[in-house]
Amino acid sequence: MSDRSYLDHAATTAMLPAARAAWIAASEHLGNPSSLHAAGRFARKVVEESRESIAADLKTRPSAVIFTAGGTEADNLAVKGLYWHRQQTLGAKEPLRVLASAIEHHAVMDPVAWLGDHEGAMIEWLGVDREARVNTTAIGELLSNNSDVALCTVMWANNEVGTIEPIERIAELCKEHEVPFHTDAVQALGQVPMNLGALGADAVTVSSHKVGGPFGVGALIVNPATGFTPVLHGGGQERDVRSGTLDAPAIAAFAVAIKHAVEHQVEHAQHLRELRNKLVQGVLATVPGVVLNGDPDLLDGGRLPANAHFSFPGCEGDSLLMLLDAAGVDCSTGSACTAGIPEASHVLLAMGVDERTSRASLRFSFGYPSTSADVDRVIAALPGAIERASRAVSSRSA
Amino acid sequence: MAMSGGVDSSVAAARMVDAGHEVVGVHLALSRNKTYGDGRQRGCCTLDDARDARRVADKLGIPFYVWDMAEEFAEAVIDDFVEEYRLGHTPNPCLRCNESIKFTAVLDRALAMDFDAVATGHYAQIVQGSAGPELHRAVDPEKDQSYVLGVLQPRQLSHSIFPLGADTKDVIRAEAEARGLLVAQKPDSHDICFIPDGDTAAYLRRQLGSLPGDIVDAESGEVLAQHDGTYAFTIGQRRGLQISRPAANGAPRYVVDVEIGTRRVTVGPPELLDVYALEGIKPIWTTSPLGDTPIELLAQVRAHGVPVPARAHELDERVMVELLVPIRGIALGQAVVLYDGTRVVGSATIASTTRAA
């Protein structure tokens with residue numbers, strides 16, 4: 001057993017050996033995929049084979065895959081690209097509406113808010129229930145007056161509490177009302193079955209490093225018939241929608257990681273679910289007053305199998321994190337942020353959790369290297385950490 | 001280990017590690033508005049400073065966290081600062097920060113989490129005396145920060161470590177250099193950290209608005225000029241009075257009085273500023289209470305002020321201090337810190353002064 005337990009795979013997971021091998025192999029070749037000579041053609045071949053591989057694995061067409069420098073860029077391209085293009089095609093002088101769930105990752109939430117602040121977009125933040133699930137009836141009603149809706153964006157699964165959203169139904173509703181639909185599938189990829197051809201969304205964000213590929217590469221899987229205004233201007237390498245030299249080695253490794261994620265999805269989910277359930281049961285049995293956030297059904301499809309998210313009333317999440325860190329456990333208070341300062345999570349607040357409780361929360365997320373010993377370590381370390389963290393809170397409020 | 005990202009706390013952290021302590025670096029986020037520095041600011045609270053602190057922690061191989069104390073800081077330090085100025089007092093926010101944040105909020109949280117002590121890069125020394133830990137001046141008189149630590153009580157002192165107090169700043173800077181700490185050349189922070197441009201009067205004007213009044217000559221009673229807020233004036237101040245007419249004898253004039261009710265600022269010759277006795281409230285004793293028998297000590301009323309011989313005793317929760325050598329220009333709200341030689345006896349907030357001999 002290693003001396004630390006990494007339980008923050010939702011932040012990033014370990015690179016797969018096969019992905020690393022593909023990465024290194026591709027990096028041994030010289031060539032820019034956009035060059036016309038032999039070296040360029042070789043690099044292009046690596047990129048296009050990867051594109052085809054990813055398309056096949058996600059059950060879509062190669063022309064749907066637009067490589068980006070990661071999930072955040074893909075989300076920005078989807079949100080702003082769809083908004084601006086819609087504005088252009090509608091010839092709209094009036095600002096358009098954007099429908100976005102209130103629990104999006106910052107990579108979606110912030111571009112949406114930016115459109116509101118700088119482009120006059122009217123933002124309809126879609127509320128969620130106590131389990132962090134959006135209401136499709138409410139979305140249907142908002143879409144029924146579709147003339148000024150530029151796009152609807154709802155994540156496939158939430159990064160903090162792991163709730164899986166009813167995106168098939170939302171995709172249907174959007175199609176019915178001819179409103180472009182984007183979903184951020186960064187967390188869902190590899191944990192749930194994914195058939196993008198059947199889903200029929202206009203844009204789906206996926207990221208490499210969450211599934212065992214390298215950092216700095218991702219993709220927006222688009223409906224090639226849907227228009228996007230570029231966010232990055234330049235050589236127009238990706239269908240004139242995205243510019244920038246393609247990173248062939250990273251893309252090759254990304255394709256290997258996606259193939260692994262898709263081919264092993266069922267047993268991977270099973271492995272994650274067993275560990276997660278052991279942790280949840282252990283924590284609920286050990287810690288009085290603890291609350292499991294998100295979908296409480298640990299067996300069926302409403303919750304990402306890797307995710308466990310708890311509130312420990314009377315503690316502060318960042319104190320707990322620090323104490324668990326000292327005890328050899330890496331976990332998270334939510335999504336990582338620049339200054340390292342934990343703020344009350346917008347996801348928990350949207351779920352109706354009060355601010356104090358939301359600051360008392362921790363996320364544990366499993367990945368392929370996780371073992372039962374990791375769960376044991378958390379359960380052994382938690383009571384002491386909780387005791388000290390709650391003393392720290394009472395010292396602050398005293 | 002409280003790590004600001006500056007030279008002092010970085011060297012202090014390195015020394016703590018060398019001494020064999022199990023050290024965790026904590027950077028305090030004190031500002032509600034998180035901003036990046038412009039590379040020139042001398043403050044201590046930008047995200048760039050947090051990054052500097054993190055890089056030092058990386059280099060030392062210690063865990064590092066940011067603790068958000070912005071709310072506590074706003075209430076205990078900034079609000080108090082503005083309110084004190086509104087009342088015509090001259091507070092020292094560093095002292096309040098040590099009292100309420102670093103050695104209360106941070107220390108209590110650390111102790112609750114089973115840490116033994118908080119270490120900081122302050123220049124001061126703790127000596128184990130017969131009656132418990134004693135707080136002493138640093139050996140470097142230029143850098144000595146015992147004044148702003150005069151608010152610490154025995155329990156706080158017993159859980160505090162100041163690794164720099166036995167050295168001069170030059171030694172610390174050279175040590176930072178030798179250790180390859182990138183912060184070695186960072187300038188010292190002198191200003192009030194939440195007023196990075198150093199313009200306290202403009203800051204207070206933004207907080208308190210314009211409150212115009214007269215500037216009056218102490219001797220003739222004549223109105224010499226107008227001002228737009230008493231908070232821009234501190235007793236003893238000479239600059240920025242905006243008086244065009246010189247005094248009759250051509251001597252410089254100083255602020256000798258600030259009245260909040262009438263918003264009157266009185267100016268006059270420096271002799272009017274001589275303080276012979278003062279009364280302090282809310283005393284804090286670093287080791288043990290002073291007692292009600294007057295004893296001879298040294299009194300210091302500014303962070304880098306000159307200590308003067310004094311005779312002090314306690315009376316009904318107050319401290320009566322007779323200054324055996326008068327101090328020129330003492331504003332209410334300043335702290336008087338009493339020393340026995342190099343040892344800090346305690347401190348109090350100055351509530352009244354006596355200017356006639």
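Order of the sequence lines fixes the chain letters, A, B, ..., with proteins taken first and strands second; residue numbering starts at 1 for each chain. Scope of the values below: all heavy atoms of this structure, side chains included, with no hydrogens, waters or symmetry mates.
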query = Going by an N to O cut-off under 4.0 Å, is there a salt bridge joining B/D108 and A/R391?
reply = no
query = How many angstroms lie between atom CG of B/L111 and atom CZ of A/R388, to the nearest 0.5 angstrom?
reply = 12.5 Å
query = So how far is it from B/Y65 OH to A/D325 CG, rounded to the nearest 0.5 Å?
reply = 3.0 Å
query = CD of B/E83: more than 12 outside heavy atoms within 6.0 angstrom?
reply = yes
message = Tell me whether the count of non-hydrogen atoms from other residues, nucleotides or ligands lying under 6.0 Å of CD in B/E317 goes above 12.
response = no
query = Rounded to the nearest 0.5 Å, how far apart are CE of A/M322 and CZ of B/F64?
reply = 10.5 Å
note = For A/S319 and B/M113, the nearest pair of non-hydrogen atoms, with its separation, is O-CE, 3.5 Å
